[in-house]
Amino acid sequence: MKKNTMTLTNNMTGDSYEYKILEGTRGSCVVDIRTFFADSGMFTYDPGFTATAACESTVTFIDGGKGELRYRGIAIEELANNHTYLETCFLLLNSRLPSEEELYKFDLEIRHRAFLHEGLRHLFNAFPDNAHPMATLSAAVTALSTFYNDHLDMTHEEEFLEMAHRIISKMPTIAAFAYRHSLGIPFIQPDIDLGFTKNFLTMMRAYPGGKMHLCANGHEDIKDVEVRALDTIFTLHADHEQNASTTVVRGVASTGAHPYVAISSGISALWGRAHGGANESVIAQLEYIGSVENVEAFIKRAKDPDDDFRLMGFGHRVYKNFDPRAKILKNLQDELREELNLDTELMAIARKIEEIALSDDYFISRNLYPNIDFYTGIILTALQIPKSMFTPIFVIGRTVGWITQWIEFKKDKTSKIARPRQLYIGE
Ligand code: ACO
């Protein structure tokens with residue numbers, strides 16, 4: 001019989017150590033090296049944590065080789081095609097989809113909590129008009145912790161859920177206020193008669209005091225197809241296991257800091273263009289490329305090892321076959337083409353890049369496929385959402401994932417403060 005262990009031999013000393021192999025529920029395995037330092041006096045070395053699992057989790061499963069993503073066991077395709085973002089939030093927090101009655105109550109609760117304390121509203125005035133909404137968002141979420149300071153020692157399920165519902169509900173309001181502040185236009189308060197996603201679009205677009213909306217094409221109402229597209233984007237962003245920003249959230253959680261400060265740290269981590277900031281960079285790059293004729297030259301630059309230039313929206317640390325979220329969005333983009341006027345020069349450049357990259361040996365041999373950010377950038381542009389709001393939209397979707405992972409961390413009796421070691425090579 002095969003033994004579920006791995007033996008590591010130090011060839012310098014001849015000492016051998018045996019470690020258990022722990023099996024996950026979907027075929028993944030990890031080597032349990034928790035006693036490695038005590039056994040050998042050495043640390044493992046793994047910059048970027050490319051071969052390190054830092055926790056057990058029941059929230060999200062990814063098989064990067066197969067291009068598979070599941071929240072609480074349910075395939076992302078099923079959630080994106082047949083359920084709303086709010087149902088997905090309920091699923092992540094409660095480990096099951098809601099009944100009709102539960103969804104009604106959950107939706108009502110989220111609508112009720114969407115307003116911001118007046119004191120928090122005034123905070124926005126402190127920031128310059130040209131502040132990036134991600135910076136304002138992170139600061140405002142840190143400030144939120146000053147209004148809910150009684151939640152540091154949660155022990156009851158209701159306390160965890162109340163704290164989670166509050167942040168999920170207020171995030172679109174904070175994001176919309178950050179945006180309107182950046183334009184210097186009056187805030188639009190949340191409307192309790194509107195569902196989660198339409199409410200956010202309204203707070204972004206509505207003209208103060210009236211029903212008409214501010215759109216590049218003039219005054220129009222929000223279309224159902226726009227609400228559906230954005231809701232799908234929120235669902236696809238809801239969680240993604242131990243990505244960089246979630247790792248930051250868990251790291252801050254491990255020190256015992258306030259949950260909203262942990263979320264604020266996650267927002268800061270997400271801002272970077274190697275992570276959530278890529279969706280903004282995709283469009284900035286397409287604009288920079290400027291025309292279909294220039295695409296070949298930029299592809300050449302992306303392949304040049306002496307050039308830092310990278311194609312934004314391509315490649316992923318985990319997906320080495322395809323990003324299943326990107327596949328769903330590509331289909332959605334095709335559906336939206338007619339209704340949302342997607343046939344622009346920007347789209348033509350995007351299509352050309354996609355076409356070349358998918359058939360070029362450089363990209364194929366390195367498993368560089370379009371990721372979720374490639375398509376969200378394009379779809380959000382079609383929804384007339386400005387580039388600076390792309391990553392805040394990612395934040396709105398991901399908030400439920402961060403808070404779910406925060407709760408899981410807090411409930412895990414084996415969790416410890418995050419404190420990696422180093423290989424000292426200095427004087
Ligand atoms: N364009 C051109 N070449 C690339 C790209 C790219 N977008 N991404 C990776 N490569 C190349 C690297 O130069 C490297 O080539 P080499 O082996 O010849 O040196 C090889 O592919 C491997 O790249 P790594 O950086 O080692 O891959 P890693 O897994 O560490 O990085 C990452 C993944 C950060 C996503 C990377 O692919 C990238 O920078 N992509 C562009 C930014 C982006 O789209 N980020 C969004 C990620 S999805 C998300 O966060 C929601």
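Within 6.0 Å of the CZ atom in F309, the count of heavy atoms belonging to other residues, nucleotides or ligands exceeds 12. Heavy atoms from other residues, nucleotides or ligands lying under 6.0 Å from OH of Y288 number 12 at most. Counting non-hydrogen atoms of neighbouring residues, nucleotides and ligands closer than 6.0 angstrom, the CZ atom of R273 reaches no more than 12 such neighbours. The environment of E78 atom CD is dense: over 12 non-hydrogen atoms of other residues, nucleotides or ligands sit within 6.0 angstrom. Within 6.0 Å of NE2 on H122 lie more than 12 heavy atoms contributed by other residues, nucleotides or ligands.
The CD1 atom of I62 lies 11.0 Å from the OG atom of S28; values are rounded to the nearest 0.5 Å. Rounding to the nearest 0.5 Å places CG of L286 at 10.5 Å from OG of S281. The distance from the CG atom of N279 to the NE2 atom of H237 is 6.0 Å, given to the nearest 0.5 Å. With values rounded to the nearest 0.5 angstrom, L137 atom CG is found 7.5 Å from T399 atom OG1. For the atom pair I356 CD1 and K303 NZ, the distance stands at 8.5 Å (nearest 0.5 Å). Once rounded to the nearest 0.5 Å, the distance linking CG of L69 with CD1 of I372 reads 9.0 Å.
Judged by distance alone, with hydrogens and angles left aside, the side-chain atoms of T142 form a donor-acceptor pair with the main-chain N or O of S138 at under 3.5 Å. For the pair E287 (side chain) and A284 (backbone), a donor-acceptor distance under 3.5 Å is absent. Not one N or O on the side chain of S145 forms a donor-acceptor pair closer than 3.5 Å with the backbone of Y260. For Q285 (side chain) and M312 (main-chain N/O), a donor-acceptor pair under 3.5 Å exists by modelled atom type. A distance-only check finds no donor-acceptor pair linking the side chain of S95 to the backbone of L91 [under 3.5 Å]. With N199 contributing its side chain and D191 its backbone, the two residues share a donor-acceptor pair below 3.5 Å. Distance alone, capped at 3.5 Å, is enough to place a donor-acceptor pair between the H117 side chain and the G119 backbone. Between the S415 side chain and the K411 main chain, no donor and acceptor come within less than 3.5 Å of each other. Proximity of a side-chain donor or acceptor of D373 to a complementary backbone N or O of G313 within less than 3.5 Å is not detected. Side-chain atoms of K170 never come within 3.5 Å of backbone atoms of L116 as a donor-acceptor pair (strictly under, hydrogens ignored).
A heavy-atom distance below 4.5 Å is found between the side chains of R317 and T50. Using a 4.5 Å heavy-atom threshold, the side chains of R26 and D63 count as separate. Looking only at side-chain heavy atoms (C-beta outward), Y179 and S182 come within less than 4.5 Å of each other. Using a 4.5 Å heavy-atom cutoff, the side chains of F298 and I353 are not in contact. Residues L93 and I168 meet the side-chain proximity criterion, which asks for heavy atoms closer than 4.5 Å. Side-chain contact between K416 and R34 is absent, with no heavy-atom pair separated by less than 4.5 Å. You'll find the side chain of E241 stays beyond 4.5 Å of the side chain of V59, heavy atoms only. With contacts defined as side-chain heavy-atom distances shorter than 4.5 Å, the pair E354/F374 qualifies.
Contact record, N371 with G315: ND2-O, 2.8 Å, taken as the closest heavy-atom pair. In this structure, A302 and L311 approach most closely via the heavy-atom pair CB-CG, 4.0 Å. Heavy atoms only, all atoms of each residue included: P172 and F200 are closest at O-CD1, 3.5 Å. Between A326 and Y375, the shortest heavy-atom contact is O-CD1, 3.4 Å. Across all non-hydrogen atoms, the minimal contact from F124 to A140 is CZ-CB, 4.1 Å. The nearest pair of heavy atoms linking A164 to I407 is CB-CD1, 4.3 Å.
Taking 4.0 Å as the cut-off between side-chain N and carboxylate O, D304 and K300 do not count as a salt-bridged pair. Remark: E293 does not engage K352 in a salt bridge, criterion side-chain N to carboxylate O under 4.0 Å. A salt bridge links K105 with E101: the distance from a Lys NZ or Arg NE/NH1/NH2 to an Asp or Glu carboxylate oxygen falls below 4.0 Å. Electrostatic pairing of R166 and E162 counts as a salt bridge here, judged by a charged N lying under 4.0 Å from a carboxylate O.
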Show me the donor-acceptor pairs within less than 3.5 Å that the side chains of residues 125-135 make with the rest of the protein, sequence neighbours left out.
residue : atom : partner : partner atom : Å
H132    : ND1  : M134    : N            : 3.0
H132    : NE2  : E280    : OE1          : 3.0

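Aromatic ring centroids of H316 and Y369 lie 6.0 Å or more apart. Remark: aromatic rings of F177 and F187 are close, center separation under 6.0 Å.
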**OP:** Start with the C-alpha gap between L92 and I403, add the side-chain angles, then the distance that decides, and say whether side chain to side chain contact (heavy atoms under 4.5 Å, CB included) holds.
**Re:** CA-CA 10 Å; L92 285 166; I403 211 66; over 6 Å; no

Subject >> Step-by-step side chain to side chain contact (heavy atoms under 4.5 Å, CB included) determination, D239 to T88 >> reply: CA-CA 10 Å; D239 194 55; T88 304; over 6 Å; no

**OP:** Show the numbers, then the answer: is there a salt bridge (charged side-chain N to carboxylate O under 4.0 Å, His left out) between R250 and E408?
**Re:** CA-CA 9 Å; R250 280 183 175 257; E408 187 175 69; 2.6 Å; yes

**OP:** Mind running side chain to side chain contact (heavy atoms under 4.5 Å, CB included) on I385 and F390 for me, showing each step along the way?
**Re:** CA-CA 7 Å; I385 289 175; F390 290 3; 4.1 Å; yes

Subject >> Worked check of salt bridge (charged side-chain N to carboxylate O under 4.0 Å, His left out) between E102 and R96 >> reply: CA-CA 11 Å; E102 284 170 329; R96 60 180 174 78; 2.7 Å; yes

**OP:** Assess whether side chain to side chain contact (heavy atoms under 4.5 Å, CB included) is satisfied between Q242 and F49, documenting all intermediate values.
**Re:** CA-CA 10 Å; Q242 308 312 315; F49 314 122; over 6 Å; no

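Side-chain atoms of S245 and H275 include a donor-acceptor pair closer than 3.5 Å. If you check the side chains of E77 and N81, you find no donor sitting under 3.5 Å from an acceptor.
Using cut-offs of 30° and 60° on the angle between ring planes, the pair Y85 and F234 is tilted. Aromatic ring pairs are classed by plane angle as parallel below 30°, tilted from 30° to 60° and perpendicular above 60°; the pair Y319 and H240 is tilted.
Cation-pi geometry between K410 and F160 is not satisfied (NZ or CZ under 6.0 Å from the ring centre, within 45° of the ring normal).
The salt bridge (charged side-chain N to carboxylate O under 4.0 Å, His left out) check on D231 picks up nothing, with sequence neighbours excluded.
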